[in-house]
Engineer: 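There's a structure below that I have some questions on.
If you're wondering where the values come from, they're calculated on a predicted model, not measured in any experiment. Just so it is clear: chains get the letters A, B, ... in the order the sequence lines come, proteins before strands, and each one is counted from 1.
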Amino acid sequence: MKNSPEFSSPHIRSGNSELLVSLDFLIAALPAIIWSAIAYGARPIAIIVVTMLFAILFEYLFSLLLHKAPHLPIAAVVGMLTALFMPAGIAYWLLPLAALVGVAARRFTGGILHPIASALLPLFFFGSQMTAHTAIFEKLKLGVFSYADKMDELAVKLPVSVLLPENSPNITAFDVFLGNSPESIGGMSAILLTLGGVYLLARRVISWQIPVGFIAGASLIWFLLMFDGAHYDYLIYHLCSGSIFLAAFFGACEYSSSPTVPMGRLVHGVGCGMLTMLFRKLGMNAGMSVLLAMLIMSLFSRILDMVTAERYFGYHTQKLPERFKALLPDFKK
Amino acid sequence: MSNLNSFMGGVRIPAAEFQKHSPKLRAEKISAPDFVEIAYARTTKPTVSEGDSVFMGQLLCAADDKNPIHSSVSGKVARIKLDDEGNVTSIVIENDKKDTPDPSVIPFSRKLTETAPDEILEIIRRSGICESGDGISVARRVECALGGTRRLIINCTECEPIISARHSLLLEHPAEVINGAKILLRALEVRYVDIVVDNNDIAVIRRLEDVIGNNPLLRLRVTDNKYPQGDKRLIVNAVTGKEPPVRETTSQLGYVVFTAETAAAIFRAFSQGMPQIEKTVTIGGDCINSPKVLTVPIGTPLSDIVAFCGGMKGEAKRIICGGLMSGKALPDCDYYVSKSDTAFIFLSEEYVKPKSTSECIRCGSCVAKCPMHLMPLYLAKQSEKGNIKKALAMGLRSCIECGTCTYNCPAGVEHVYHICNIKAAYNEEKAQEENR
């Protein structure tokens, strides 16, 4: 009786479940997805649905392979977020690959490699797929069954990928903030993403530390780099871009790759924001910089947990080395 | 009356959900059971043998025993149960329903102010009072605390749903609790007592305020109604602001915490002279026809209690001895009430949620809610692996097994189960080392 997990305390549950958490993520992303469908047509919806389905399928296969319980709702969220970071013109044959890499990163590294970032990184090896952004409101050119080859002709440069003011297209920062400019599927409208983010915060699905840290970190690094001739306008421009908000509220908050301690989450957010802006300053593509920043910071999530954890109640002497040892794999066995 | 700062984290369990399965607050007395079976877990032989007639409140073990046990009814010793090694496990007494008290039961007649702490301790020791919940002998704790006590705290909080025996006691007999607190105050020679209540029941606070009046010796402190506020370390932390080190008990530091039931039992031991032979328990849950707060003699079979509460609706999928959050599951109704029991809760399938054996999704809700600032996800992982050293580094000693981590977990990870297992393994290892 005593040694059975079925009969151990507590005997009641709060009713919180993976499914509810995942549905909250879906609901939060819904405004951004709808706006994307208005701007690009049905193709973004098709991309999201296909990626989610493949993610669920791969998660199920992995769980069969490893004889472990499947986390299908969480895998669906990974699939959805992966799709949100993709450009609307991406080729369909890349979606299963992205879903596979993302789910595998969550399964096998436990999120030490950011599932969404690692899902999208391989796509760079396939030409310019990650920059297959198209102009908005051109539904006829960008149908659900458009070919990838055609995309190259349609491709446009993202406003935020152009760093120098003289190269800037005729789009104001306010347009970018509202979502009136080309971007990845989910990252079009900063204001709609903020709406979703506030919903997630209100439902306590994510904590405030990561989004706030992200935006603060991004601002900070830009102020530091301003002395090198960069323009103040560009801070506003970047901080209004949807890709930053998508990463701050959704990508960086992804459970498996973020720290669990509140203080660690703040550091994680600041790190992601700083690295993103640093990479953009170095001329990296807007989408890529966000992903790489998240991937690098996810490597440190476990260490951040150990370093920033509160002192345990009743432990008056903090022993950091011992805690680090708890992280390391057991070599004796 | 002053408000206290509560701890970080913890949970607010929606009490409304369980309201209809909670008992009415007025305590009832059970009709006397035909047989009582009193657990006898000690090395000495009992002083009675089969066939002897015993009185209510008669001593059943050697007089110098650390925590004596008494007959809870008058009647005849029907059987003395032995285990395989020949040790006595329990004594079955047939009730003659006359309730003839033992001649040794005489009320304490002297003034409290003229009584030395040692004498008070002697009376507490003779009455065999146990703390509810952990079952530690109160006399032993008073003995340890004698002379070196800095703060005396009476715990009147109740934060688990359904359980309401303590509220019932505080509403009906607040004077007993307060007088018990005064006796402890005298015994431990402290300047004042902190009486900690939670803020969800205004009626209890009013009753206590009425009884306390302007007495400067008794301070009413109000805490947040949050689980697990009733934990000893967290109460000490809330009252004194100090953080008891994990290797020492709170009493070793001079902070002594007693529950309201203990205080009332001490007062009864003085006013009536009767040792602890009954216990007020909560009978609740959705499987019980009429939930009740019941005063039962020690050793009453659980089946008698169920019958007194109108029987069960359908089949109880789980019988819990203790609270919903921290109680332990009983295999069936074949159980006899002991001094440390607080509640029996009968749950149907509706409340017994299927437990998944899923892994952590790292959402961090356990870290945010842990009252001891631990990281239950890592602790449970190391415990599951059976790695005692690493579990200790993750703060295993601090864990109070309150269950807030598991309660909140969306993935259904059984943190408490794994942590309990590794604690048992750790204690075993420690015992082996001591033997060597």
Side-chain angles (χ1 to χ4, degrees), chain A residues 1-22 68-71 73-74 106 110-111 204-207 254-262 264-265 301-302 305-306 309-317 319 321-328 330 333, chain B residues 11 13 161 233 237 243-246 318 320 322 324-331 345 347 351-353 355-359 361-368 371-375 377-378 382 385 387 389-390 392-395 397-398 401 403 406-412 414 416-417 420-421:
Chain A
M1 207 71 195
K2 202 184 165 191
N3 279 322
S4 152
E6 202 192 329
F7 288 100
S8 80
S9 63
H11 304 282
I12 44 169
R13 296 299 139 105
S14 60
N16 196 4
S17 72
E18 276 176 38
L19 190 66
L20 283 179
V21 167
S22 308
K68 280 183 174 170
H71 293 273
I74 299 292
R106 210 195 77 84
R204 291 168 190 236
V205 173
I206 61 171
S207 50
E254 200 275 328
Y255 280 159
S256 65
S257 55
S258 56
T260 55
V261 179
R265 285 182 165 172
S301 60
R302 304 301 197 275
D305 261 355
M306 294 297 151
E310 276 185 71
R311 189 170 51 75
Y312 307 142
F313 188 93
Y315 277 65
H316 285 278
T317 49
K319 283 182 187 162
E322 265 184 38
R323 272 200 225 162
F324 275 115
K325 265 187 227 158
L327 265 181
L328 296 171
D330 224 355
K333 282 174 189 171
Chain B
V11 283
I13 300 161
R233 286 171 186 276
N237 183 247
E243 205 179 293
V246 74
R318 189 162 302 171
I320 303 159
L324 286 172
M325 290 293 279
S326 54
K328 58 177 193 289
L330 298 174
I345 296 169
L347 292 183
Y351 280 96
V352 179
K353 284 173 189 137
K355 302 204 174 180
S356 68
T357 49
S358 176
E359 315 109 84
I361 57 168
R362 290 179 59 82
C363 67
S365 76
C366 52
V367 180
M372 306 317 256
H373 315 163
L374 300 174
M375 295 184 282
L377 71 158
Y378 295 111
Q382 295 304 339
K385 283 183 190 163
N387 198 327
K389 255 189 189 167
K390 285 185 178 181
L392 286 174
M394 301 308 302
R397 286 195 199 90
S398 265
E401 295 159 30
T406 315
Y407 175 77
N408 280 303
C409 185
E414 295 289 338
V416 179
Y417 167 69
C420 284
N421 277 353

Engineer: Test your reading of the model: is there a side-chain donor-acceptor pair from A:E18 to the backbone of B:P410, 3.5 Å cut-off?
Structural biologist: no
Engineer: What are the two closest heavy atoms between A:A309 and B:M375, and how far apart are they?
Structural biologist: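 The answer is CB-CE, 3.5 Å.
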Engineer: In terms of heavy-atom proximity below 4.5 Å to chain A, should B:I361 be classed as side chain, backbone, both, or neither?
Structural biologist: both
Engineer: Apply salt bridge (charged side-chain N to carboxylate O under 4.0 Å, His left out) to A:R265 and list each qualifying residue two or more places apart in sequence or on a separate chain.
Structural biologist: none
Engineer: At what distance, to the nearest 0.5 angstrom, does OG of A:S8 lie from CD of B:E401?
Structural biologist: 10.0 Å
Engineer: Check whether A:S9 reaches the backbone of B:K328 with its side chain - one donor and one acceptor, N or O, closer than 3.5 Å.
Structural biologist: no
Engineer: With only heavy atoms counted, which part of B:S398 is less than 4.5 Å from chain A, the side chain, the backbone, both or neither?
Structural biologist: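 B:S398 touches chain A through backbone and side-chain heavy atoms alike.
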Engineer: Rounded to the nearest 0.5 Å, what separates atom OH in B:Y378 from atom CE in A:M306?
Structural biologist: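 Here the interatomic distance stands at 5.0 Å.
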Engineer: Taking all non-hydrogen atoms of both residues into account, name the closest pair between A:P10 and B:V416 and its distance.
Structural biologist: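 Shortest heavy-atom contact: CD-CG2, 4.1 Å.
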Engineer: Report which part of A:V261 has an atom under 4.5 Å of a heavy atom belonging to chain B: side chain, backbone, both, or neither.
Structural biologist: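 Contact with chain B: backbone and side chain both.
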Engineer: Where does A:P259 contact chain B at under 4.5 Å (heavy atoms): side chain, backbone, both or neither?
Structural biologist: backbone
Engineer: In Å and rounded to the nearest 0.5 Å, what is the CZ to OH distance from B:R397 to A:Y315?
Structural biologist: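 Rounded to the nearest 0.5 Å, the CZ-OH separation comes out at 5.0 Å.
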Engineer: At a 4.5 Å cut-off on heavy atoms, which part of B:C409 comes close to chain A: side chain, backbone, both, or neither?
Structural biologist: backbone
Engineer: State whether the side chain of B:R362 and the backbone N or O of A:S257 hold a donor-acceptor pair below 3.5 Å, judged by distance alone.
Structural biologist: no
Engineer: Where on B:L377 is there a heavy atom nearer than 4.5 Å to chain A: the side chain, the backbone, both, or neither?
Structural biologist: side chain
Engineer: Please test A:Y312 against B:V246 for side-chain contact (heavy atoms from CB on, under 4.5 Å), starting from the C-alpha separation and ending with a verdict.
Structural biologist: CA-CA 9 Å; A:Y312 307 142; B:V246 74; over 6 Å; no
Engineer: With chain B as the partner, which of A:S256, A:P262, A:S258 has the greatest number of non-hydrogen pairs under 4.5 Å?
Structural biologist: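 Highest number of heavy-atom pairs under 4.5 Å: A:S256.
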